[in-house]
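Step one of this worksheet: look at the structure below.
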Amino acid sequence: MTAPTGSADLDRGRVRVVRGAPRSSPRPRGGSGTPWLYLAPALVVLGGLLAYPIYQLGLISLFHYTQAQVSGGEPTTFEGFGNYAELFADERFWQVLLATVLFAAACVVCTLAVGCALAVLLTRVRAVPRLALMLAALGAWATPAVTGSTVWLFLFDPDFGPVNRVLGLGDHSWTYGRLSAFFLVLLEVVWCSFPFVMVTVYAGIRAVPSEVLEAAALDGASQWRIWRSVLAPMLRPILVVVTIQSVIWDFKVFTQIYVMTNGGGIAGQNLVLNVYAYQQAFASSQYSLGAAIGVVMLLILLTVTLVYLRLLRRQGEEL
């Protein structure tokens, strides 16, 4: 039975209306600049706290700027990249840079190892020990760097420290030798850094389905094999994030080195870039060289941060 002509025309008209409708949803009210209005206060604060100091840092690094220029005794002269050329020609700078990279790498490896091991331990203990370990770790994380460094100096003090008494080392000074001083600072850095890794990795482990871990255990896999073959691949995005954050934190260590080695150790044997920049700028009044070291550190950390943000973006796209 055929439909009446009017109904057919009406149906065809409906089809034409549907085909003519816009495919995209209507734009929300408000211009495209509305999000920037909400971000404006934060951008103003960041601009004042970050952009202007960075601009001044880069500007000072391009001039000959010492105590004589600060006091007004001599005019400020433009050096261009002369400070950077002097810095890169200094063998001491490359030695300190190498020591900083090696020290930061050791801190990152040890922090990840301790944090991941304790994160796995948290999944194996009962509620009360888990809570005690959590509180102890968060207490270490919340301790100021100066306070933590002073406590670790007391623990390893050659005269009154309990560590030497327990180990029977007598009046051995841990801060006298270069490697032992770096090792002591490394312990303190790991102590105040592992809680972040532990809590983050523990949260990732809790998100792994228990059936996967039970299946691996039933297949006879050891705890190390479960971590290496099951947990680590599933937690790779989290491990990448905590690794890059640890690199950023440990590369710019200042307080622990400065407090525990009394400003860089004997004859500067425990210098890192942050302490080296401080010595050049304030101890030697070479403010332009200190600013140049700060710019080099900024560029290195900016590169690492950009990699970090890119990984975060990839992780967000996967989610």
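Note: hydrogens, waters and symmetry copies are ignored here, and every other heavy atom, side chains too, is used.
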With side chains defined as the heavy atoms from C-beta onward, is the minimum distance between Asn164 and Pro158 less than 4.5 Å?
yes
Would you please indicate yes or no on a ring centroid separation below 6.0 angstrom for Trp249 and Phe196?
yes
Please confirm whether the ring centroid of Tyr278 lies under 6.0 Å from the ring centroid of Tyr258.
yes
Rounding to 0.5 Å, atoms OH (Tyr65) and CD1 (Ile60) come to a distance of 6.0 Å
I'd like to know whether CZ of Arg228 has more than 12 heavy-atom contacts from other residues, nucleotides or ligands below 6.0 angstrom.
yes
Separation between CD1 (Ile300) and CD1 (Ile248), nearest 0.5 Å, reads 12.5 Å
So Tyr202 and Leu118, side-chain contact (heavy atoms from CB on, under 4.5 Å) or not? Walk me through it.
CA-CA 8 Å; Tyr202 173 72; Leu118 292 179; over 6 Å; no
Is the backbone of Ser61 close enough, under 3.5 Å, to the side chain of Asn83 for a donor and an acceptor to pair up by distance?
yes
Quick one: do Val304 and Met297 end up in the same hydrophobic cluster if we chain Ile, Leu, Val, Met, Phe, Trp and Tyr together by side-chain heavy atoms under 4.5 Å apart?
yes
Do you know which two heavy atoms are closest between Gly48 and Pro53, and how far apart they sit?
O-CD, 3.6 Å
Mind checking whether Phe93 and Phe88 have parallel, tilted or perpendicular rings, split at 30° and 60°?
tilted
Without swapping roles, check the side chain of Thr200 against the backbone of Val197 for a donor-acceptor pair under 3.5 Å.
no
Determine whether a donor-acceptor pair (N or O, by modelled atom type, separation under 3.5 Å) exists between the side chain of Gln269 and the backbone of Tyr176.
yes
Side-chain heavy-atom pair Thr76, His64 within 4.5 angstrom cut-off
no
Spatial distance of atom CD1 (Ile54) from atom CG (Leu59) [nearest 0.5 Å]
13.5 Å
Between Trp191 and Thr143, is any pair of side-chain heavy atoms under 4.5 Å apart?
yes
So if you build clusters from Ile, Leu, Val, Met, Phe, Trp, Tyr with side-chain heavy-atom gaps below 4.5 Å, do Val109 and Leu186 land together?
no
Do Thr175 and Leu153 come within less than 4.5 Å of each other through their side chains, counting heavy atoms only?
yes
When you compare the side chain of Val201 with that of Leu239, does any pair of heavy atoms fall below 4.5 Å?
yes
Between atom CG of Asp90 and atom CD of Gln280, what is the distance when rounded to the nearest 0.5 Å?
7.5 Å
Minimal heavy-atom distance between Asn270 and Ala181, with the atoms involved, is OD1-CB, 3.4 Å
Counting only heavy atoms not in Tyr52, do more than 12 sit closer than 6.0 Å to its OH atom?
no
Quick check for you: to the nearest 0.5 Å, what is the distance between Tyr84 atom OH and Leu87 atom CG?
9.0 Å
Verify the cluster assignment for Leu102 and Val185: are they in a single hydrophobic cluster under the rule of side-chain heavy atoms below 4.5 Å apart?
no
Within a 6.0 Å radius of atom CG on Leu299, are there more than 12 heavy atoms belonging to other residues, nucleotides or ligands?
yes
I'd like to know whether Met260 forms a side-chain contact (heavy atoms from CB on, under 4.5 Å) with Thr255, so could you lay out the CA-CA distance, the side-chain angles of the two residues, the decisive distance to 0.1 Å, and finally the verdict.
CA-CA 8 Å; Met260 301 180 72; Thr255 305; over 6 Å; no
Gln69-Tyr287 side chain donor-acceptor pair, cut-off 3.5 Å
no
Taking all heavy atoms of Cys110 and all of Val190, pick out the closest pair and write down the distance.
CB-CG2, 3.7 Å
Would you call Ile293 and Tyr276 a side-chain contact if the rule is heavy atoms closer than 4.5 Å?
yes
Ignoring hydrogens and angles, tell me if any N or O in the side chain of Asn274 forms a donor-acceptor pair with the backbone of Lys252 under 3.5 Å.
yes
Side-chain heavy atoms nearer than 4.5 Å, only ILVMFWY residues, links allowed to pass through others: does that put Leu289 and Leu271 together?
no
Examine distances only and state if a side-chain atom of Thr100 and a backbone atom of Leu273 form a donor-acceptor pair shorter than 3.5 Å.
yes
Please test Cys116 against Met198 for side-chain contact (heavy atoms from CB on, under 4.5 Å), starting from the C-alpha separation and ending with a verdict.
CA-CA 6 Å; Cys116 293; Met198 183 190 73; over 6 Å; no
Within the structure provided, determine whether Phe251 and Cys107 are in side-chain contact (heavy-atom separation under 4.5 Å).
no
Search all heavy atoms of Gln256 against all heavy atoms of Val253 and return the closest pair with its distance.
OE1-CG1, 3.5 Å
How about Glu79 and Leu62: do any of their side-chain heavy atoms sit closer than 4.5 Å?
no
Please give me the minimum heavy-atom distance between Ile205 and Thr123, naming the atom from each residue.
CG2-CG2, 3.7 Å
Hey, what do you get for CD (Glu74) to OG1 (Thr66), rounding to the nearest 0.5 Å?
6.0 Å
Same hydrophobic cluster for Val272 and Phe183, using side-chain heavy-atom links shorter than 4.5 Å among ILVMFWY?
yes
Under 6.0 Å from the CZ atom of Phe254, do we count more than 12 heavy atoms belonging to anything else shown?
yes
Applying side-chain contact (heavy atoms from CB on, under 4.5 Å), run through Asp250 and Ser193 and close with a yes or a no.
CA-CA 9 Å; Asp250 296 338; Ser193 302; 4.2 Å; yes
Distance-minimising heavy-atom pair for Pro195 and Ala140
CG-CB, 4.5 Å
Quiz question: by atom type and distance under 3.5 Å, do the side chains of Trp174 and Asp157 form a donor-acceptor pair?
no
